[in-house]
Amino acid sequence: MRLYVKNVIALFAMAAIAVAAAPSGSFPAKRLKEVDARIDTLLKAMTLEEKIGQMTQVTIDVVSKGADGRDEPHAVDTAKLRDAILRYHVGSILNVGPSFYSVAHWHEVISAIQDVALKESRLSIPILYGIDAVHGANYTEGATLFPQSIALAATWDPGILRRVGEITAFEVRASGIPWNFHPVLDLGRQPLWPRLWETYGEDVTLAKTLGLAYMDGLMGQDMSAREHLAPCLKHYAGYSMPLSGKDRTPAWIDERMMREYSLPTFEAAVRAGAPTVMVNSGEINGIPGHANYHLLTEILKQEWEFDGFVVSDWEDIKRLHTRDRVADSQEEAVRLAVMAGVDMSMVPNDFSFYTLLLDLVNNGKIPHSRIDDAVRRILRVKFLVGLFDNPYPDQSMAATFASPEWTVFNRKTAQESMTLLKNERGILPLDKDVRVLVTGPTANLLHVLNSGWTITWQGDNESLYPKNKPTILRAIQAKIGEGRVTYVAGSTFDALTDVDRAVREAAGADVIIACLGEKAYCETPGNVNDLTLEKAQLDLVDELSKTGKPIVLVLVEGRPRIIHRIVDRVQGIVLGFLPGMEGGSAIADVLFGDVNPSGKLPVSYPKYPNSLTLYDCKPAEVADGNTYDPEFRFGYGLSYTMFAYSDLVLDRPILDGKDSLVVSVTVGNTGQVPGKEVVQLYVTDLYRSVTPPIRELKAFRKIDLQPGERKTVTFALREADLTFIGREYKRIAEKGKFRVTIDRLSQEFELR
Ligand code: GLC
């Protein structure tokens, strides 16, 4: 019997007598009871040093070969690894080196780590390895890389999100990793923010529905199963709304706005059993996320009874001292964060957290009870994710890794994420016998389809991208034949290049396909000073529009860059956001009619840089000359067919608190081709004690319709769907009149 199994079994033999009170909370009580009994035993056996080690997470570089741990090809440095695990009792490791690893190398890495933890440490507690698998197993070579979250949100299809979660979980587990730092449940309500593309858009109902579906795909019914894993909700909370639009700069979000917009997605996921939460790197109302006791303990752990653990974001405890200046020393920074409710520190480049926290406890500045609480939470997740039973990679999973059927699903997902924003005189879909000029900076690159968290952190190393995946240009050539396609870049992302040649070549083309947008970026490096798309790209379209040839604009970008100057100069607009590794093919599929686009905007698409009103704005924002006047509104998207709405019916004029009100509407496909439509139900509270949004999405459903087919779709509205955060910061419902709106139809009812 291997040493570690004996140790752990020995500890559990004593567990039978320790019966922990199973507190109610976010984990199933039965599972919690089983696990807490085993943890009681383990906690009793652990030294303070071993406990604090469990709260310490370091990055893979710290235990890898090379002065900075980044020698290529990557290799674990066993001496460094032993130092981390045997001397500092580290309980978690994260991340990847300079670029992705093969499945085989991940297995070497994870096995080497677990060997030291299980066979050489005193208590054989397995290491919890965490990774950012934000759009598939993006740090494992050859993985299925899906559209990024904002593009997935444009599908408005929870079934797609759940399947993406399932496949992501399988390929991350196949890499030997049981913990994914995703989903991001922040709302995308600040279009300048460089991480908008990691969100599911600006609306609570859409983000909550899609985010929970994705999480369900990751976790399954039991996250210890070989094809499921532990998700990590991030970044809790309010990180996505920096006032300046620059990443990690101050946000001013009062309690009512926090509870109305920032918290609901997290609360729903916690109550659905999410095991870990990562902290907001920024600050809210002058309080850094990592020192926010109200959010981390009073709301998350007390009000919501969260049973899992809170992990810091990258080096953010240190930043309480070095950046935010709320701690006059690193030791004070550690004390502030741990007492606020942070259970694990993503230190991640050294062992300072371990030594400082040990001193703080030994000097009585942090109580042992706080350490025991944090370690219990961490060990709960290690047990519930199956680490004590299966700490090593499952070699059998590699055979199904990146299966062809998942590539087919990925392409369908990218197709469903395509949003048709303009189609003047039905220029789209294009015939396959047309001659096209393809131009623009995003036409012939793969990194623009994937962006950050792809192979490398910034995702911008084109040379590392797979050679067998098509760019937009290559996909168009494959679709209609290279002989019909001329390519002239015309501009880089921010400078005109061979625009004159592009103009000349346009003469020989029937249609110009201008591919614009953003290069890859991740986090703070993606900050911009102007939401308007770079002038050179707009100039390119201006010059090409003078040829008189019709132009189809293809946009791949992480956020809605302003294109107002050229909107009237193009005849068609297809928005792909960041459609992933099959995005080039999906764009060609839509352009040439092999797919009828069905995407809907998950964010408002602004018309002007200083006019960023969102769809659920307040009455004052649409009064006295103010308007919600985006280029394209939230929920908007065209099709190659037409849909007609009729017969909006409420089954009662009055809803009392206990019942539900059934809303039905009929949708018909009045065009010539099959299509998918997202039926969107909005509610307006006509009068209430806190100013009511002019409308709020409350339900939606994506349906398929054949030409001529009609379907009646029904929704149930309950009082719980009509609540808001009242003046006392509590979620309440107020009686009165409400309006239901679907498409252009509306009906009123009264809540009594
Ligand atoms: C980063 C990101 C966070 C990520 C973490 C680990 O700074 O803010 O989203 O999960 O560090 O890579």
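In each ligand, atom 1 is the first atom listed, and ligand 1 is the first ligand listed.
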For ligand 1, which atoms sit closer than 4.0 Å to a heavy atom of Trp314?
7 (O), 11 (O)
At a 4.0 Å threshold, what atoms of ligand 1 neighbour a non-hydrogen atom of Phe181?
10 (O)
Does any non-hydrogen side-chain atom of Asn410 lie less than 4.5 Å from one of Pro147?
yes
Out of Met278, Arg248, Glu198, Glu315, whose heavy atom is nearest to atom 7 (O) of ligand 1?
Arg248
So if I count the atoms of ligand 1 from 1 in the order they appear, which ones are less than 4.0 Å from some heavy atom of Leu94?
6 (C)
Quick check on His182 - does any of its heavy atoms sit under 4.0 Å from an atom of ligand 1?
no
Can you confirm if the NZ or CZ of Arg189 lies within 45° of the ring axis of Tyr261 and under 6.0 Å from the centre of its six-membered ring?
yes
Decide yes or no for Ile299 and Leu263: does some side-chain heavy atom of the first lie under 4.5 Å from some side-chain heavy atom of the second?
yes
Asp313 heavy atom under 4.0 Å from ligand 1
yes
Quick one: does Trp453 get a heavy atom under 4.0 Å from ligand 1?
yes
May I ask you to test the Pro393-Trp106 pair for a side-chain heavy-atom distance under 4.5 Å?
no
Compute the shortest N/O to N/O distance between His235 and ligand 1 and return yes if it is under 3.5 Å, no if not.
yes
Thr56 vs Tyr88, test: side chain to side chain contact (heavy atoms under 4.5 Å, CB included). Steps then yes/no.
CA-CA 8 Å; Thr56 306; Tyr88 294 101; over 6 Å; no
Quick check: do Thr144 and Glu171 have side-chain heavy atoms less than 4.5 Å from each other?
yes
Before signing off on this row, confirm whether Arg195 and ligand 1 have an N or O atom pair separated by under 3.5 Å.
yes
Using the six-membered ring of Trp197, assess whether NZ or CZ of Lys519 lies under 6.0 Å from its centre and within 45 degrees of the ring axis.
no
Closest protein heavy atom (residue, atom, distance) for atom 6 (C) of ligand 1:
Asp132 OD2, 3.2 Å
